[in-house]
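As the structure is a computational prediction, the values presented were derived from the model and not from experiment. We're numbering straight along the sequence, starting at 1. Basis for what follows: all heavy atoms, side chains included, without hydrogens, waters or symmetry-related copies.
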Amino acid sequence: MSQIWSVAQEGPIEGVLVALQLLCFGVFGVLLSKADIASHRLPNRLVGSWLLASLALVICLGASSRGLPGILQGFLGMLLLGGGYLLISLISAGAMGMGDVKLAGVLGLNLGYYSLPALFLATLLTFVLATFWVIGGVIVRKLTLKSAVPFGPFMVIGAFAVLLVAR
């Protein structure tokens, strides 16, 4: 059984907190994806709101379930994934924006609480999904290899999928 479902079954409080965390993925993930697809931007207001909600949920989950080690692991996940995307952004000379970096921090906080190896898997899945999307777009002649592609939706899908199965 994955880590998130194990925590959800620890008690009613944990179950509600996990449900709220998944609801945040659904609501903020859809809103951010729509914004990124429409404008190639991830609004700070939405990313910041998700960050605040995630901070509250991770702290509450830690207080009721895994304690300080879980909270610290979540913060480490935020630093690792956000830092990794920051490095990619700096190396890619603008191909990846700072909105993606901020979103990575939020996703890292949520994933890191449950599993640090999940960060790698989510990143891998994100890049694989985006690559398949671009290849498909090139094949049907809707994209070129130089086309700007909104990356946020792939980040949310990759992190959500891994969150559901991470151990």
Partners meeting side chain to side chain donor-acceptor pair (under 3.5 Å) with [X] (sequence neighbours left out):
X	result
Q3	none
T144	S147
W133	none
S2	W5

Can you tell me how far the [atom1] atom of [X] sits from the [atom2] atom of [Y], to the nearest 0.5 Å?
X	Y	atom1	atom2	result
F154	L129	CZ	CG	7.0 Å
K34	S39	NZ	OG	12.0 Å
M78	L111	CE	CG	13.0 Å
M155	S33	CE	OG	10.0 Å
L76	I71	CG	CD1	14.0 Å
I4	L22	CD1	CG	4.0 Å

Hey, quick one: are [X] and [Y] part of the same hydrophobic cluster, counting side-chain heavy atoms closer than 4.5 Å, chains of contacts allowed?
X	Y	result
Y114	L164	yes
L145	V140	no
L116	L79	no
F160	V30	no

- Message: Give me each pair satisfying ring pair (Phe, Tyr, Trp, His ring centres under 6.0 Å) with a member in residues 50-78, each pair once, sequence neighbours excluded.
- Response: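 Of all non-adjacent pairs touching residues 50-78, those that pass ring pair (Phe, Tyr, Trp, His ring centres under 6.0 Å) are F25-W50, F28-W50.
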
- According to the ring pair (Phe, Tyr, Trp, His ring centres under 6.0 Å) rule, which pairs have a member within residues 77-98, sequence neighbours left out?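 Every candidate ring pair (Phe, Tyr, Trp, His ring centres under 6.0 Å) pair involving residues 77-98 fails, so no pair, neighbours aside, qualifies.
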
Please find the pair of heavy atoms, one from [X] and one from [Y], that lie closest to each other, and give the distance.
X	Y	answer
P150	H40	CD-CE1, 3.4 Å
L32	P43	CD2-CD, 3.9 Å
T123	L119	OG1-O, 2.8 Å
E14	S65	CG-CB, 4.0 Å

What pairs with [X] under side-chain contact (heavy atoms from CB on, under 4.5 Å), at least two apart in sequence or on another chain?
X	value
P117	S115
L57	L17, L20, Q21, C24
L86	L90, M98, V101

- Item | Test item: I135 and T131 side chains (from C-beta on) under 4.5 Å apart, heavy atoms | yes

- Is any side-chain heavy atom of V134 less than 4.5 Å from a side-chain heavy atom of V138?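 Yes - at least one pair of side-chain heavy atoms lies under 4.5 Å apart.
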
- Item | Any residue meeting ring-ring contact (aromatic ring centres under 6.0 Å, His included) with F127, in chain and number order, not counting sequence neighbours | F151

- Message: Using the rule given for side-chain contact (heavy atoms from CB on, under 4.5 Å), can you reason through V47 versus L51, listing the C-alpha separation, both sets of side-chain angles and the distance that settles it, and then say yes or no?
- Response: CA-CA 6 Å; V47 177; L51 175 61; 5.5 Å; no

- For the pair D36 (side chain) and G152 (backbone), establish whether a donor and an acceptor sit closer than 3.5 Å, ignoring hydrogens and angles. yes

- Query: Are the side chain of S89 and the backbone of M96 linked by a donor-acceptor contact shorter than 3.5 Å?
  - Reply: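 Yes, because the side chain of S89 sits within donor-acceptor range (under 3.5 Å) of the backbone of M96.
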
- Query: Who else is in the cluster with L87 when I, L, V, M, F, W and Y are joined by side-chain contacts under 4.5 Å?
  - Reply: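 Joined to L87, directly or through intermediates: I91.
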
- Note on the structure: Besides I37, the hydrophobic cluster formed by Ile, Leu, Val, Met, Phe, Trp and Tyr side chains linked at under 4.5 Å, directly or via other members, contains none

- Query: Between L61 and V18, is a side-chain contact (heavy atoms from CB on, under 4.5 Å) present by the stated rule, with each step listed?
  - Reply: CA-CA 8 Å; L61 277 165; V18 166; 4.2 Å; yes

